[in-house]
Amino acid sequence: MKDMPKAYDPKEVEAPLYQMWMDKGYFKPRIDPDKTPFCIIMPPPNVTGELHLGHALTATMEDLLIRWHRMLGDPALWIPGVDHAGIATQNVVEREIAKEGVSRHDLGREKFVERVWQWVGHVRSRISVQHMRLGVSCDWDREVFTMDEGPQLAVRTTFKHLFDDGLIYRGERITNWCPRCTTALSDLEVDHQETAGSLWYVKYPLLDDEGNPTDEFIRVATTRPETIVGDTAVAVNPEDDRWKDLIGRTALLPVIERPIPIVGDEAVETEFGTGAVKVTPGHDPTDFEIGGRHDLPVIVAMDDEAKMNEQAGPYDGVDRFETRKLILADLEKLGLLEKKEDHTSSVGHCSRCDTIVEPIVSNQWFVKTGPLAKPAIEAVKDGRIEITPRRFEDVYMHWMENIRDWCISRQLWWGHRIPVWYCIADGCEEMFASIEDPDQCPNCGSGEIEQDPNVLDTWFSSALWPHSTLGWPEDSEDLRYWHPTSVLETGYDILFFWVARMIMSGLYNTGEVPFRHVYLHGLIRDEKGDKMTKSRGNVVDPLEIVDKFGTDAVRFTMATGGAPGNDFRLFDEKLEGGRNFANKVWNAARYFVQSASEQSVQLPDAATLSSAAGRSDWPLEDRWIVSRTLSVSREVNRLLGDFQANEAGRLLYDFFWSEYADWYVEMAKVRLKEGDTSPLPVLAYTLQTSLRLLHPIMPFVTEAIWQHLRDHIDGLEEALIVAAYPTGDGETDSDAEEQTELVMDVVRAIRNIRAERGVEPGRFIEAYVASKSAGPTLEGTRPLVEALARVRPLHLVPDTTSAPSDGVASAVLSEAQVVIPLAGLIDAEAEREKLSKQLAEDAGEIKRLEGKLANEQFRSKAPAEVIAKEQEKLAAAGSRADGLRARIAELG
RNA sequence: GGGCGAUUAGCUCAGUUGGUUAGAGCGCAGCGUUGACAUCGCUGAGGUCGUAGGUUCAAAUCCUACAUCGCCCACCA
């Protein structure tokens, strides 16, 4: 506790501090009816494996908000959770057992699901450890799994309500089918990829009225000849002069030799292909609709692995792509393949396994989304839910307004089983939904009932997350207090998958919005800007960079890496910046601890601190840093409230490093080196305020320092995690800020001359600083200028007449002039050149400003304060120019 | 086919209600180490804010086109 090592070592402090926070129960909020709760439900990571950087970003942003609110005194609840991730997890476990040479069918449903549960147990603990390493201050006792009893009940209750309300239905519809996962998918689970392919022109012979062959043909164009076997019509646009006379006639399907009608349908584009399209209602969404309009039969010609079935005649049992080759060859032989063109089209791939999706008609369950979408649209429109960045509201609206029914059944084994039972007793065909497992048919009383074998889309349970984690469907105290939750924070890539559906089901189940704010963060990419994916092999384990740079470095980099909602690239150089900052904070604190030595420093009293008048007799630099601390505190709160963590982080970085460490601490040293301990209270004040401000972003280094500081500063709370967050209440002091800026400018000007003239760094030099207006300020800070610029003696004079003019270097500020005798180092010509260059710049500036101020339009239309500002700038530039001219004249 | 985002210093990025001479980190150049920090300090170089118009007293910021890159949505076989 006594010694602070020279370099901040995250490994030393992180684990014990996290343990301490847990042991003290700081992550667990108390319900306080008099306070405004702040609640975030963590997006549950999939139990498919490890966390990735996206999760680290989520954890960082949410923990930042939670810690901020906790310090503000709000009851702050953060519920962690894990998602069973139906299809994804099933795939992962299938791959696992495949290593043992076993398929899920070998095991059977029950055994397989057992294996998945084993996997879940293993992965969950790994995920928790990763989260803890990131410093998340969530309430671990409330961790929820989507397959837990509570969420199970919520799922069944929701299903039952929707079912009874007629908002869930079952039907033979065309859906996206993954032949590898052998399940239906929702539209969102299909990735469309532009793929180069071919467009084949095929001739279908026409039959006459008696059904006899003719020598006429109708020519169709298709990208998928293998589906010819499922054709049940040819469609043409009824306006198309080339073809419209054929409507009502019959064509003969090649190879299969099935007569099919020619129908007229508006959906057919006359521009594309031949203007005639083969209609395959069983294997194409558009064709399914055309089929519906013309009452065409639906032929499904493939099995669930996309091999052709008995409907495909000669191709029975053959894979779909093999069939394509065979059928093309057959058409060629028959002389019916007219030509082939290159054609790129977008081909759907399974988002889980990348297999080409097959549209297939099958019996699936759907949520009727229209009635649910309406209130969800309203909630965003009327501002009950705000989405940040704002542009995503439009994206949300567009999707919602064009929403299509949601296919929720999956032919999987892992997931929430659909709570629907069928009576298989003779003569009874009852189908019913139930929350509890039923033991008999409510219609006929028979015990011969079977549950639907399918499971629900994973996102069905995720959609209930904000209320199901708080106890719904029970009317729990948690639900009443914490719901609606405050912020839903996640990546913009799951706006539709998750956010939109939570809003719909939240409103449906609870009548309330599930959350007030949606904050969507960007995606983390690698150094080249590529998305991190397993197949690219550029995935980074968060623990890897946490081990290398420390959690705070990772969090700082995540929080400040980019603007809200924008993607950003992550690489080591950025993380080094974060690590260096943590080290900087550590060392600045270390300096304070050393300076305070054995004594425990008393912070300035609150009343004095908060009033500028109360501070008026303090040294200028003390007044300055306190004023700056107040404005920075205010600004940080404002930015965090606007979800601009990036700007808040940058502001704190600049404030702490440039203003506190580089300037204030260096100024404080001037007194401290004389044995004057008067800066200690202000050092203590600024340091501990900075730590409070920084804690939500960098919890470990700040808490570690805090625990050291408690021995050196009086009255600090027992732990920073529960200390009060500074809000910047108190008067700032613009006079002190301006005067300090002047002092810093003078110091910089002298340093600049020294560097340019090659004066040895250690050497003290004589300098003249001339100023009428700033005389008293400079007099009051004489020791600072002397020490920081290494000047001795320092002559403070009203004007430069008393300064030497030969062999001097000079700098001209608007309020002061610096003259440094450096005989021997000065080239008069170079000096004149330098000053003239500056004068030219100032002259340009003056000209610009004068023009602007002379402009009648500007004077009449611009706000007074803008005009005043421009006048000030002009005065400053004028004053600089006068000074420069005088200096140049003195050079002779 | 619609929509969105990006385009600012060599690199990575900020710049959120239009108003300083456009900023930071890294990199680069020069100088510097007997106690906070070389994971550092000091000084400096470096940008006509993608292009072309427009609105305005005032544009990196608002509008319109265009270009390049990326993403999302969409049933053109």
Side-chain angles (χ1 to χ4, degrees), chain A residues 4 6-8 174 192 199 220-224 227 235 267-269 271-274 276-280 284-290 343 345-346 359 389-392 394-395 398-399 402 492-493 495-496 522-523 527 529 531 549 553 560-571 573-574 576-577 579-595 639 642 644 646-647 650 653-654 658 661-662 665-666 669 748 751-756 758-762 841-842 844-845 848 852 855-863 865-867 869-870 872-873 876-877:
Chain A
M4 291 178 73
K6 193 168 165 178
Y8 171 58
I174 190 146
H192 293 277
L199 185 64
V220 302
T222 181
T223 54
R224 306 197 53 212
T227 63
V268 180
E269 293 282 337
E271 308 298 318
F272 190 90
T274 62
V277 58
K278 58 192 269 320
V279 182
T280 322
D284 183 277
T286 312
D287 294 1
F288 183 78
E289 284 175 22
I290 295 175
H343 181 73
S345 56
S346 101
R390 191 71 84 176
R391 65 173 183 272
F392 288 110
D394 295 339
V395 180
H398 183 259
W399 189 75
N402 297 285
Y492 64 72
D493 54 331
L495 176 60
F496 306 141
L523 273 30
E527 188 158 7
K531 201 172 163 181
F549 298 100
T560 58
N566 286 9
D567 295 355
F568 74 97
R569 305 179 192 197
L570 188 73
F571 41 90
E573 285 77 4
K574 286 189 182 178
E576 281 167 11
R579 178 200 59 190
N580 295 354
F581 184 45
N583 189 246
K584 187 73 187 181
V585 176
W586 178 262
N587 272 289
R590 192 161 159 260
Y591 172 74
F592 172 80
V593 165
Q594 285 175 8
S595 306
L639 290 166
D642 272 354
Q644 293 183 259
N646 61 324
E647 285 301 302
R650 270 170 221 270
Y653 180 98
D654 289 340
S658 308
D662 286 347
V665 170
E666 293 307 315
K669 280 179 185 172
R748 270 190 281 256
R751 284 171 172 172
N752 181 351
I753 289 169
R754 297 179 60 115
E756 280 188 351
V759 177
E760 304 83 37
E841 279 171 21
D842 273 326
E845 173 76 355
R848 193 180 65 81
K852 200 170 182 182
N855 183 337
E856 197 41 50
Q857 298 280 11
F858 175 70
R859 297 199 73 94
S860 59
K861 292 187 177 167
E865 58 180 62
V866 171
I867 296 173
K869 224 176 200 173
E870 298 296 301
E872 268 175 42
K873 282 193 278 181

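Just so it is clear: chains get the letters A, B, ... in the order the sequence lines come, proteins before strands, and each one is counted from 1. Nothing here was measured: the structure is a model prediction, and the numbers come from that model. Atom set for the values below is all heavy atoms of this structure, side chains included, hydrogens, waters and symmetry mates excluded.
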(request) To the nearest Å, give me how far apart CD (A/Glu647) and C1' (B/rU17) are. (result) 15 Å
(message) Distance check needed: B/rU12 C1' versus A/Phe568 CZ, whole Å only.
(response) 11 Å
So, does [X] get its side chain near the phosphate of [N], meaning an N or O under 4.0 Å from OP1 or OP2?
X	N	answer
A/Asn566	B/rG5	no
A/Arg650	B/rA24	no
A/Asn580	B/rC37	no
A/Arg748	B/rC42	no

Quote, to the nearest angstrom, the [atom1] distance that separates [N] from [M].
N	M	atom1	value
B/rA9	B/rU48	P	9 Å
B/rU17	B/rU12	P	27 Å
B/rG10	B/rG54	P	29 Å
B/rU8	B/rG15	P	14 Å
B/rG30	B/rA67	C1'	41 Å
B/rG19	B/rC75	P	43 Å
B/rU61	B/rU20	P	14 Å
B/rU33	B/rG47	P	32 Å

(message) Looking at A/Lys869 and A/Glu872, is any side-chain nitrogen of the basic one under 4.0 Å from a carboxylate oxygen of the acidic one?
(response) no
(request) Could you tell me whether A/Arg859 and A/Glu856 have a side-chain N and a carboxylate O separated by less than 4.0 Å? (result) no
Side-chain donor/acceptor of [X] to base of [N], under 3.5 Å:
X	N	value
A/Glu527	B/rU12	no
A/Lys6	B/rA38	no
A/Glu666	B/rA36	yes

Dump every N/O contact between nucleotides 71-75 of chain B and the protein below 3.5 Å, one line per pair.
| unit_1 | atom_1 | unit_2 | atom_2 | d |
| --- | --- | --- | --- | --- |
| B/rC75 | OP1 | A/Arg404 | NH1 | 3.1 |
| B/rC75 | OP2 | A/Arg404 | NH2 | 3.4 |
| B/rC75 | O2' | A/Thr286 | OG1 | 2.9 |
| B/rC75 | O2 | A/Thr286 | OG1 | 3.1 |

(request) Can you run through RNA chain B from 5' to 3' and write each base as (, ), [, ], | or . depending on how it pairs? Watson-Crick or G-U wobble, both distances under 3.5 Å. (result) (((((((..((((.....[...)))).(((((.......))))).....(((((..]....))))))))))))....
Contact class for [X] vs. all strands (heavy atom < 4.0 Å): base, sugar-phosphate, or nothing?
X	value
A/Gly561	sugar-phosphate
A/Lys584	base
A/Ser860	nothing
A/Ala7	base
A/Glu760	nothing
A/Phe581	nothing
A/Ala661	base
A/Gly577	nothing
A/Phe571	sugar-phosphate
A/Arg751	sugar-phosphate
A/Pro359	nothing

Among the candidates [options], find the nucleotide nearest to the side-chain atoms of [X].
X	options	value
A/Thr223	B/rA77, B/rC37, B/rG19	B/rA77
A/Glu269	B/rA36, B/rU43, B/rC76	B/rC76
A/Ala563	B/rG15, B/rC40, B/rU43	B/rG15
A/Arg391	B/rA77, B/rC42, B/rG5	B/rG5

(message) I want to confirm an ordering. Mapping A/Lys669 and A/Lys574 to their closest nucleotides on RNA chain B, which one lands closer to the 5' end?
(response) A/Lys574
(message) Need to verify one output field. Residue with the more 5' nearest nucleotide on RNA chain B, A/Asp394 or A/Asp662?
(response) A/Asp394
(request) Considering non-hydrogen atoms only, spot the tightest contact between A/Gly565 and A/Pro389 and give its length. (result) CA-CG, 3.8 Å
(message) Show the nearest heavy-atom pair for residues A/Asn646 and A/Pro564, with the distance to one decimal.
(response) OD1-CD, 3.7 Å
(request) Using the ring of A/Phe568 (Phe, Tyr or Trp, six-membered ring only), decide whether A/Lys574 places NZ or CZ under 6.0 Å from its centre and within 45 degrees of its axis. (result) no
(message) Quick check: do A/Arg590 and A/Lys6 have side-chain heavy atoms less than 4.5 Å from each other?
(response) yes
(request) Find out whether A/Tyr492 and A/Leu523 are in side-chain contact, i.e. whether some heavy atom of one side chain is under 4.5 Å from a heavy atom of the other. (result) yes
(message) If I take atom CG from residue A/Asn587 and atom CG from residue A/Asn580, how far apart are they, to the nearest 0.5 angstrom?
(response) 11.0 Å
(request) Calculate, to the nearest 0.5 Å, the distance between atoms NZ and CD1 belonging to A/Lys278 and A/Ile290 respectively. (result) 11.0 Å
Check: protein-nucleotides 53-60 of chain B nitrogen or oxygen pairs below 3.5 Å:
| unit_1 | atom_1 | unit_2 | atom_2 | d |
| --- | --- | --- | --- | --- |
| B/rC57 | OP1 | A/Lys861 | NZ | 2.1 |
| B/rC57 | O2' | A/Asn855 | ND2 | 3.4 |

